[in-house]
J.: 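A single structure is presented below for examination.
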Amino acid sequence: MSIDISEITPYNFKEVEEKWRSFWLNNHSFKTKNDSSKPKCYVLEMFMYPSGKVHIGHIRNYTIGDIISRYKMAQGFDVLHPVGWDAFGLPAENAALQHKSHPKNWTYQNIKIMKKQIQSMGFSYDWDREIATCNENYYGLQQKIFLKMYEKGLIYRKEAEVNWDPVDNCVLANEQVIDGRGWRSGALVEKKMLPQWFFKITKYAEELLSNLNALNEWSDNVKTMQKNWIGKSEGCSINFHCSNGDNLEIFSTRPETLFGATYLAISPEHPLVKKISKTNEKIQKFLESLKIGSVSKQILDTQEKIGIDTGLTAKHPFLDKQLPIYIANFVLMDYGTGAIFACPAHDKRDYDFAIKYKLPIQEIITPQTASNQLPYEGDGWIINSDFLNGLTIQEARNKIIKIVEEKRLGTKKIFFKLRDWGISRQRYWGCPIPIVYCPKCGIVPLKEENLPVILPKDITFENVGNPLVKHLKWKQVSCPICGEDANRETDTLDTFFDSSWYFLYFCSERNDLKNILNKQDINRWMPVDHYIGGIEHAILHLLYARFFTKALADCNIIDLREPFKNLFTQGMVCCATYRKQNGEWLFPNEVQQNKEGNYETISTKEKVIVGHLEKMSKSKKNVVDPDFIVETYGADALRLFVVSDTPPEKDFPWSDEGLEGCWKFINRIWRMFIYLKSKGINASNIKMDIDISSLNIDLQKVYKNFHKTIKDVTESYENKMMNKAVAFLRETVNNIYSVLEQAESNICLFSIVTRDFIKLLAPITPHICQEAWQLLGFDKLIHENDWPKFDKKYLTSDIINLPIQVNGKLRGNLEISPDYTEEQIFEMALNLSNVKNYIGMKTIRKKIHVKGKIVNFVI
RNA sequence: GCCCGUGUGGCGGAAUGGUAGACGCUGCAGACUUAAAAUCUGCUGACCAAUCGGUCGUGGGGGUUCAAGUCCCUCCACGGGCACCA
């Protein structure tokens, strides 16, 4: 009975996807096995903020993770693939205010909606381990961790600056300050000092930096970003004697330029400035001028260097020379010692400042090449520098540090840009800090039996500020030490705190985590083998999580120091933008192309400007709704599309045609499966491996190519090059189609190829593959089956195509057996008419033969 | 300014130093159809050539090599991060 492939009923993706989605969920098909007889693989995508709707960028992120997870499952790994919600944070409070709802309700409502969207994609999550950080179990445990770290001295309290709204009388988050004004009151925001909690991340600066080298599965750009952020500089401090009798300590990474110093510069916030400004009106005026917001901002933007002479001088440590001391706006108090010596001949900033204030310039480095342009910042030899003369820069640096230390003028020093992490937030919707303030005992950490400190639900956002401050019933407690009346800390923790250890929580079953993290589980699963997320977290989240891991190790809670073995940062999903000439954004369906090929609005025929591809965003009206896509084309088509064509680390250009193409491909393989089934292709017809010599040449070729496909696709998954895996799989489908009419007479061969093809494709489009798997009578679930293996013997061929070049240019091809001798190959190659024509009467100077690769004649 | 990326057809992109453009999108043609859609099959870097074939071609210039998209030097453009960090 013949079946026409074009007559096959279209693939009913809705029915099939719904069937398997429910099956997987109801049967907990992806529940973590925790089978220690197998090697483990922890696949994690950065968890989601429950903002309200899933974005197509999430879909791409999670599809990449899911492909890895399913691929590893099929490879026989024991996979942990959890999912959760980064559920605390400011937007919930904003929404509460706007919609008169409660942050908790808003958050859980959003989680409910987004969970449904995520589940519609058929991701292989272990939903039994799902967690939201606003869950009491989670943040209760977090409070215990806080206390351990406090005990260990890793958390401390000090005064720090906050954004203060003087009208609403409350602290504002940075995102609530718009153009220097409070978002609600519109009042000019002030800086105010408040006591706050800090994390001693700087204690780990050196380790955070040096460990980066060992993270060889992280991309260089992320490592560089972290490196710059940590900002280590090595140098030397030098003490100067000030004319007022004070000692002034400066820091320099280039102490070898000391003999070129012509002035010193100190930060406007330097203690010395405070001291001398009391009696100096000019300096007071100068400092006032720096404080005026708009002016100082302008100076910052233009990088204009301004300063003022203090009238003080300092003695050069090696020369009989007094150097003037300036206050300069480009010297930062929170870096180094807040004071520098300036060498204008060899530093751009020092030079600009010296020119402006007519300060002397002393050259001390002679360039290696003829160039006398100042400032000179390149390599060279030291001159005019007494005992350093004639040395290279590096030699001079070593020597002067040695001498400075010998003469006790200063010491070798290392500074970091990294600052301690402020973790207090004057907010309701966060993890309460488990501390009380007792008038008698002072700062009192709570005891374990007092935990968890639960956020009170009965609060109101009608008043400004943090509602916890006004919730007296919650706030007032008795001191755990003396029993007197005390107050709770009303600040909550930064949400980055919540996300710094969630990957550890996932290692255990939820119900096992009442007490503290389970070391055994963590040792089983950590480090995360594949961590996938956006590049926007390259610095903060990833640095905090690395720090947290080290801190927990030092508290003896866990045994590892680096949490993420392989980090993968995927690109953004972008889409074309359209706007009217007045700048108003337009939806794609408001735009059409006219006869001349120009774009115009459909309604008013106004001219439309087609913009660049930009990250999808609501404001630019270039978003695509994942729900609509799943409805219209199915989850498999969407999954396939977001990893097709573009390498996952690059920005992905959304196009409706591309999506349509993926949908067609899904239908194409469906027709193939149905056609093959009708020809008797199924599990029971797989007898054994086939003797390919009995096949005709076309089938031999298809079979051999298929082994190559297994190799290529496997390597592509291994290297997260899903776009290549898709390309190879498409090629395979084309190959199978070309011999489809021979299926009936080669049932065993086609059964084997179809079986393995389904396995190879399943990580990307699991629903259709699972359905075909069942339809063709294979047992178990597709992800539980062994990954196909290729046979090396099929990768080599009896006949190869050998390109023949003359002077490196292709002039012909030989279709030959690779067993010929070099001499025979040269002879055959020279007999090719085209090659003959090229060489003509010329002498061959050299013959090159790379076995199986190429022949090249040099004439 | 400093650091890190990236430049390949109309487009997204392939290519252990060894046939540049796999695979897909778009476009063109053929088959099927009363017709259209869908589907199946071809072709699709530019220029020249009826054909065989040839010339050019991976941001620009130079170099190494029998052979360069790939390695080295240099310049240009774009994207990202940090930004007065002594």
Side-chain angles (χ1 to χ4, degrees), chain A residues 4-8 10 219-229 231-233 235 250-255 257 264-265 267 299-300 302-305 328-332 334-343 347-350 352-353 377 415-418 535-536 538-539 613 641 644-647 649-662 664-665 667-668 671 712 721 723-734 737-738 740 801-813 833-834 837 844-850 852-859:
Chain A
D4 185 345
I5 201 153
S6 64
E7 304 280 300
I8 292 168
S219 66
D220 282 338
N221 62 335
V222 174
K223 287 201 275 188
T224 310
M225 278 156 77
Q226 291 211 354
K227 212 168 168 177
N228 291 340
W229 189 261
K232 179 181 181 177
S233 37
I250 64 89
F251 173 69
S252 176
T253 54
R254 300 200 58 191
T257 61
L264 303 187
S267 162
I299 291 168
L300 253 173
T302 56
Q303 305 216 339
E304 193 195 336
K305 287 157 191 61
N329 68 332
F330 67 86
V331 182
L332 308 173
D334 61 357
Y335 188 76
T337 59
I340 61 162
F341 75 73
C343 177
D347 183 284
K348 178 84 167 57
R349 275 167 323 165
D350 298 350
D352 292 347
F353 193 81
E377 294 178 311
F415 278 100
F416 292 93
K417 275 198 264 182
L418 186 69
I535 187 81
E536 67 272 21
I539 298 175
L613 293 181
F641 180 47
S644 293
D645 302 340
T646 306
E649 71 278 10
K650 289 185 69 171
D651 284 353
F652 179 84
W654 182 273
S655 79
D656 293 342
E657 293 82 8
L659 176 65
E660 187 92 16
C662 289
K664 283 182 185 168
F665 177 71
N667 280 284
R668 187 166 155 90
R671 283 190 298 275
D712 290 341
M721 297 191 288
N723 57 319
K724 279 171 68 180
V726 172
F728 293 131
L729 289 163
R730 288 189 127 123
E731 204 172 8
T732 299
V733 173
N734 293 342
Y737 260 78
S738 71
L740 214 47
N801 187 326
L802 195 63
I804 312 299
Q805 297 181 332
V806 178
N807 283 351
K809 290 210 182 228
L810 182 74
R811 297 300 169 193
N813 283 290
S833 62
N834 218 18
N837 288 343
I844 297 167
R845 291 196 288 128
K846 203 168 175 184
K847 296 175 183 175
I848 290 144
H849 171 231
V850 182
K853 282 268 162 83
I854 207 148
V855 170
N856 191 11
F857 297 109
V858 186
I859 55 169

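We name chains A, B, ... by the order of the sequence lines, and we start the count at 1 in each one.
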J.: Rounding to the closest angstrom, what is the interatomic distance between B:G17 and B:G12 at atom C1'?
T.: 26 Å
J.: Using the C1' atom as the point on both nucleotides, what is the distance between B:G27 and B:C66, in whole Å?
T.: 40 Å
J.: Contact class for A:Lys650 (heavy atom, under 4.0 Å): base, sugar-phosphate, or nothing?
T.: sugar-phosphate
J.: So A:Lys664, base contact, sugar-phosphate only, or nothing? Heavy-atom distance under 4.0 Å.
T.: sugar-phosphate
J.: Within this structure, what is the CG-to-P distance between A:Asp656 and B:G24, rounded to whole angstrom?
T.: 20 Å
J.: Measure across A:Leu810 and A:Asn813 and return the closest heavy-atom pair with its distance rounded to 0.1 Å.
T.: CD1-OD1, 4.4 Å
J.: If B:C43 has a Watson-Crick or G-U wobble mate with both distances under 3.5 Å, name it; if not, just say none.
T.: B:G27
J.: Please pick, from B:A86, B:A22, B:U39, the nucleotide with the shortest atom-to-atom distance to any side-chain atom of A:Leu332.
T.: B:A86
J.: Quick check for you: among B:C66, B:C82, B:C23, whose closest atom lies nearest to any side-chain atom of A:Glu731?
T.: B:C23
J.: Check the phosphate of B:G53 against A:Arg811, side-chain N and O only, distance under 4.0 Å to OP1 or OP2. Yes or no?
T.: no
J.: Base, sugar-phosphate, or nothing: which does A:Ser252 touch, judged by heavy atoms less than 4.0 Å apart?
T.: sugar-phosphate
J.: Rounded to whole Å, how long is the line connecting atom CG of A:Asp334 with atom P of B:A86?
T.: 13 Å
J.: Please give the distance between the P atoms of B:G10 and B:U58 as a whole number of Å.
T.: 13 Å
J.: Let me know, please, whether A:Ser738 or A:Lys809 comes out on the 5' side of the other along RNA chain B by nearest nucleotide.
T.: A:Ser738
J.: Classify the side chain of A:Lys417 and the base of B:C85 as holding, or not holding, a donor-acceptor pair under 3.5 Å.
T.: no
J.: Check the distance between B:C4's C1' and A:Asp220's CG and give it to me in whole angstrom.
T.: 8 Å
J.: Which nucleotide sits closest to the side chain of A:Ile854: B:U19, B:U41, B:U55?
T.: B:U19
J.: Could you check A:Lys809 against A:Val806 for side-chain contact (heavy atoms from CB on, under 4.5 Å), going step by step and ending with a plain yes or no?
T.: CA-CA 5 Å; A:Lys809 290 210 182 228; A:Val806 178; over 6 Å; no
J.: May I have the step-by-step check of side chain to side chain donor-acceptor pair (under 3.5 Å) for A:Asn856 and A:Arg811, ending in yes or no?
T.: CA-CA 10 Å; A:Asn856 191 11; A:Arg811 297 300 169 193; over 6 Å; no
J.: Picking from B:C82, B:G54, B:U19, which would you name as closest to the side chain of A:Asn834?
T.: B:G54
J.: Any base atoms under 4.0 Å from A:Tyr737, or only sugar-phosphate, or nothing? Heavy atoms, all strands.
T.: sugar-phosphate
J.: Before you tell me yes or no, could you show the steps for A:Ile854 and A:Gln805 under side-chain contact (heavy atoms from CB on, under 4.5 Å), namely the whole-Å CA-CA distance, both residues' side-chain angles and the distance that decides it to 0.1 Å?
T.: CA-CA 8 Å; A:Ile854 207 148; A:Gln805 297 181 332; 3.4 Å; yes
J.: Are any side-chain N or O atoms of A:Ser267 and backbone N or O atoms of A:Val331, one a donor and one an acceptor, separated by less than 3.5 Å?
T.: yes
J.: Does atom NZ of A:Lys227 have more than 12 heavy-atom neighbours from other groups under 6.0 Å away?
T.: no
J.: In this structure, how many angstroms lie between the C1' atom of B:C2 and the NZ atom of A:Lys232, rounded?
T.: 19 Å
J.: Searching all strands shown, indicate the nucleotide that pairs with B:U34 (Watson-Crick or G-U wobble; both distances under 3.5 Å).
T.: none
J.: Taking only N and O in the side chain of A:Lys724, is any of them less than 4.0 Å away from OP1 or OP2 of B:A15?
T.: yes
J.: Determine the interatomic distance between P on B:C28 and the same-named atom on B:U44; round to the nearest Å.
T.: 16 Å
J.: For the side chain of A:Asp712 and the backbone of A:Phe728, is there at least one donor-acceptor N/O pair under 3.5 Å apart?
T.: no
J.: Is there a ring pair (Phe, Tyr, Trp, His ring centres under 6.0 Å) between A:Phe641 and A:Phe665? Walk through the geometry before answering.
T.: CA-CA 10 Å; A:Phe641 180 47; A:Phe665 177 71; over 10 Å; no
J.: Measure from the side chain of A:Asn329, starting at C-beta and using heavy atoms only, and say which of B:G24, B:C85, B:C84 lies closest.
T.: B:C84
J.: With a 4.0 Å cut-off on heavy atoms, is A:Glu660 in touch with a base, just the backbone sugar-phosphate, or nothing at all?
T.: nothing
J.: Taking the minimum atom-to-atom distance to the side chain of A:Arg730, which one of B:C23, B:G13, B:G54 wins?
T.: B:C23
J.: Take atom CD of A:Glu657 and atom C1' of B:C11, then tell me their distance rounded to the nearest Å.
T.: 10 Å
J.: I want to check one thing: is the phosphate of B:A14, taken as OP1 and OP2, less than 4.0 Å away from some side-chain N or O of A:Asn723?
T.: yes
J.: Would you mind classifying the nucleic acid contact of A:Lys223 as base, sugar-phosphate or nothing, using non-hydrogen atoms under 4.0 angstrom?
T.: nothing
J.: Return the value, rounded to whole Å, for the distance between atom CZ of A:Arg845 and atom C1' of B:U65.
T.: 13 Å
J.: Output yes when at least one side-chain N/O atom of A:Asn734 is less than 4.0 Å from OP1 or OP2 of B:A22, else no.
T.: no
J.: Using the P atom as the reference point in each nucleotide, state the distance between B:G9 and B:U74 in Å, no decimals.
T.: 26 Å
J.: Once hydrogens and angles are ignored, does a donor-acceptor distance under 3.5 Å link the base of B:C66 to the side chain of A:Asn856?
T.: yes
J.: Taking atom C1' in both B:A49 and B:G54, compute the distance separating them and give it to the nearest angstrom.
T.: 8 Å
J.: Just to be sure I understand the rule, does A:Val858 reach a base, reach only the sugar-phosphate, or reach nothing, if contact means heavy atoms closer than 4.0 Å?
T.: sugar-phosphate
J.: Hey, is the main chain of A:Thr732 close enough, under 3.5 Å, to the side chain of A:Tyr737 for a donor-acceptor pair?
T.: no
J.: Considering only B:G18, B:A86, B:G12, which nucleotide approaches the side chain of A:Tyr335 most closely?
T.: B:A86
J.: Select one nucleotide: of B:C3, B:A14, B:A86, the one nearest the side-chain heavy atoms of A:Val331.
T.: B:A86
J.: Name the orientation of the base relative to the sugar in B:G9: syn if the glycosidic angle is within 90° of 0, else anti.
T.: syn
J.: For A:Ile340 and A:Leu264: C-alpha separation, side-chain torsions, deciding distance, then whether side-chain contact (heavy atoms from CB on, under 4.5 Å) applies.
T.: CA-CA 6 Å; A:Ile340 61 162; A:Leu264 303 187; over 6 Å; no
J.: Compare the minimum distances between each of B:A86, B:A22, B:U41 and the side chain of A:Arg668, then state the nucleotide with the smallest one.
T.: B:U41
J.: Report the base-pairing partner of B:C2 (Watson-Crick or G-U wobble, both distances below 3.5 angstrom), or none.
T.: B:G81
J.: Go ahead and name the base partner of B:U19; Watson-Crick or wobble counts if both distances stay under 3.5 Å, otherwise write none.
T.: none
J.: Without decimals, in angstroms, what is the distance between A:Trp229 CH2 and B:C2 C1'?
T.: 16 Å
J.: What interatomic distance, in whole Å, is found between C1' of B:C75 and the corresponding atom of B:U26?
T.: 35 Å
J.: Which nucleotide wins on minimum distance to the side chain of A:Arg349, given the candidates B:A86, B:U19, B:C3?
T.: B:A86
J.: Is A:Thr224 close enough to B:C82 that one of its side-chain N or O atoms is under 4.0 Å from OP1 or OP2 there?
T.: no
J.: Rounded to the nearest Å, what distance is computed from the CE atom of residue A:Met225 to the C1' atom of nucleotide B:C3?
T.: 11 Å
J.: If each of A:Cys662 and A:Ile539 is mapped to the nucleotide of RNA chain B with the nearest heavy atom, which maps nearer the 5' terminus, i.e. the 5' end?
T.: A:Cys662
J.: Give A:Pro647 one of three labels, base, sugar-phosphate or nothing, depending on what nucleic acid heavy atoms sit under 4.0 Å from its own.
T.: sugar-phosphate
